[in-house]
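Indexing begins at 1, ligand by ligand and atom by atom, following the structure's order.
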Amino acid sequence: MTKTRFMTLARHIIEGKKKHPEATGELSKLLSDLSLAAKIISLEVNKAGLSNILGFTGSSNIHGEQVKKLDMFAHDILVKAMDHGGHFCALVSEEKENIIHIPAKHKLGKYILFFDPLDGSSNIEVNNSIGTIFSIYKRLTSDGKPGIMEDCLQQGIKQIAAGYVLYGSSTILVYTTGESVHGFTLDPLFGEFLLSHDNIRIPKKAQIYSINEGNYLHWEDGLKMYINYLKEEDKETGRPYSLRYVGSMVADLHRTLLYGGIFMYPSDNRYPDGKLRLMYECNPMAMIVEAAGGKAINGRKRIMEVQPEKLHERSPLYIGSKYDVELVEEFMKGNSRK
Ligand code: P6P
């Protein structure tokens with residue numbers, strides 16, 4: 001008889017070991033606020049496919065309600081869910097250029113929340129999985145005042161917690177506080193996120209690579225040589241690798257976390273700094289993958305050691321199994337293998 005564990009997200013955080021014990025109570029409250037937002041977004045994402053059938057006109061639906069683009073909807077839900085709990089002194093969203101300040105009527109907290117409300121939302125029309133990504137820091141300036149840029153522009157190594165919600169065949173919330181990574185699958189019956197992936201460890205190596213090969217001509221030579229190396233026949237090193245690319249970062253990263261291999265979004269002449277955003281795509285995913293035993297670099301250095309200069313700055317990203325990330329790093333340094 002298998003042992004069933006009715007382990008909810010809130011209980012797991014309270015009972016779990018933590019790198020930041022002082023954050024236990026606060027963390028479980030803010031993550032449960034976040035999980036509420038995730039449930040509402042999941043409901044909307046899952047019926048989005050019906051919008052054309054149900055006569056949603058794009059500006060107002062058959063009930064005369066204003067229908068927003070899904071990513072703005074997700075943004076609004078997250079702000080509403082996170083701005084009044086007294087946990088944050090500032091929010092930063094992919095959808096807003098500037099820091100979102102906490103309304104004066106609400107208590108200010110000691111954390112900063114970065115989030116990408118609905119990454120990959122262009123995939124919704126073709127029913128591909130999309131996701132929400134979040135990253136939490138502790139403020140640097142004194143309590144009691146609104147958070148400022150100095151509180152926001154911190155290296156990824158300073159993250160207190162990070163995670164994502166993947167809206168796919170099921171809705172799964174994955175988070176870390178730095179030591180271990182855990183996944184919770186939404187049980188629509190209970191409306192609870194229940195522990196489904198305890199202590200996720202990324203495989204040390206796997207024969208899967210994930211990159212938009214359409215950009216091949218724009219890459220630097222070391223990367224081209226690495227990708228060509230992966231395609232050669234060599235049983236001993238498990239080559240050729242398989243290419244898997246959804247084009248939705250959370251879906252590609254979730255597969256990489258569970259199956260291993262490497263996900264890459266390099267810089268190229270269209271995106272000299274890469275396409276993905278450092279603060280609410282690269283850093284949170286890097287914290288998760290490193291806590292699971294993997295590695296994440298920008299091609300030259302550990303991504304979580306990059307000192308951000310701007311809220312929405314972009315970064316190249318190479319992330320996944322330690323062996324595979326270290327191998328592409330070697331190729332990028334010009335030490336190709338023969
Ligand atoms: P491309 C989605 O638009 C996104 O921001 C990420 O989720 C995804 O990994 C990437 O862009 C895909 O970009 O250029 O391959 O379509």
Side-chain angles (χ1 to χ4, degrees), residues 38 41-42 45 48 69-75 78 92-97 114-135 156 162-169 171-174 202 208-220 223-224 226-227 230 242-259 261-289 294 296-299 303 310-320 324-325 328:
I41 296 167
S42 174
V45 164
K69 269 168 52 89
L70 263 182
D71 34 17
M72 267 323 287
F73 170 82
H75 164 86
L78 281 158
V92 179
S93 168
E94 193 260 352
E95 295 291 338
K96 293 288 176 198
E97 190 55 34
F114 280 86
F115 60 99
D116 186 351
L118 208 56
D119 181 76
S121 51
S122 55
N123 285 286
I124 195 79
E125 279 77 25
V126 291
N127 232 19
N128 269 347
S129 302
I130 54 180
T132 296
I133 311 170
F134 61 91
S135 167
Y164 59 80
V165 183
L166 178 62
Y167 310 102
S169 49
T171 295
I172 181 167
L173 185 150
V174 172
I202 188 170
I208 304 171
Y209 74 105
S210 185
I211 191 168
N212 182 343
E213 285 236 18
N215 300 325
Y216 180 86
L217 293 179
H218 307 291
W219 296 336
E220 57 185 273
L223 178 58
K224 288 180 181 174
Y226 170 67
I227 298 294
L230 294 185
S242 297
L243 172 60
R244 295 285 181 273
Y245 192 71
V246 181
S248 176
M249 182 190 197
V250 179
D252 282 318
L253 260 291
H254 187 63
R255 181 203 56 250
T256 304
L257 185 65
L258 296 186
Y259 287 178
I262 183 168
F263 171 85
M264 298 165 274
Y265 207 106
S267 55
D268 64 35
N269 40 33
R270 281 180 320 160
Y271 295 108
D273 297 324
K275 177 182 181 184
L276 301 178
R277 308 286 183 172
L278 176 64
M279 298 307 288
Y280 41 79
E281 290 177 323
C282 300
N283 274 334
M285 290 304 190
M287 183 180 190
I288 291 166
V289 166
I297 60 172
N298 64 1
I303 199 116
K310 297 195 293 294
L311 292 178
H312 301 281
E313 73 183 61
R314 300 175 190 269
S315 170
L317 178 67
Y318 302 79
I319 185 170
D324 294 296
V325 175
V328 70

Considering the heavy atoms of [X], write down every atom of ligand 1 situated less than 4.0 Å from one of them.
{"X": "Asn212", "value": "1 (P), 14 (O), 15 (O)"}
{"X": "Met249", "value": "6 (C), 7 (O), 8 (C), 9 (O)"}
{"X": "Ser248", "value": "7 (O)"}
{"X": "Tyr245", "value": "1 (P), 12 (C), 13 (O), 15 (O)"}

Looking only at protein heavy atoms, identify the closest one to [atom] and say how far it is in Å.
{"atom": "atom 14 (O) of ligand 1", "result": "Tyr265 OH, 2.6 Å"}
{"atom": "atom 5 (O) of ligand 1", "result": "Asp119 OD1, 3.5 Å"}
{"atom": "atom 8 (C) of ligand 1", "result": "Gly247 O, 3.5 Å"}

Do Ile319 and Ile262 touch side chain to side chain, with heavy atoms closer than 4.5 Å?
->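 They are not in contact (no side-chain heavy atoms under 4.5 Å apart), so the answer is no.
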Would a 4.5 Å heavy-atom cut-off, applied to side chains only, mark Val328 and Tyr209 as touching?
->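 Contact flag for Val328/Tyr209 side chains = no.
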Would the number of heavy atoms belonging to other residues, nucleotides or ligands and lying under 6.0 Å from OH of Tyr245 be above 12?
->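 It does: Tyr245 OH has more than 12 such atoms within range.
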Which heavy-atom pair separates Gly261 from Asp324 by the least distance, and what is that distance?
->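 In terms of heavy atoms, the two residues are closest at CA-OD2, 3.8 Å.
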Main-chain N/O of Arg244 paired with Ser210 side-chain donor or acceptor, under 3.5 Å |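 Yes, because the side chain of Ser210 sits within donor-acceptor range (under 3.5 Å) of the backbone of Arg244.
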Who's closest to atom 3 (O) of ligand 1 heavy-atom-wise, of Glu281, Lys275, Arg277?
->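 Considering heavy atoms of Glu281, Lys275, Arg277, the nearest to atom 3 (O) of ligand 1 sits in Lys275.
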Please report, to 0.1 Å, the donor-acceptor pairs under 3.5 Å made by any side chain of residues 275-282, with sequence neighbours excluded.
unit_1 : atom_1 : unit_2 : atom_2 : d
Arg277 : NH1    : His312 : O      : 2.7
Tyr280 : OH     : His312 : ND1    : 2.6
Glu281 : OE1    : Arg277 : N      : 2.6

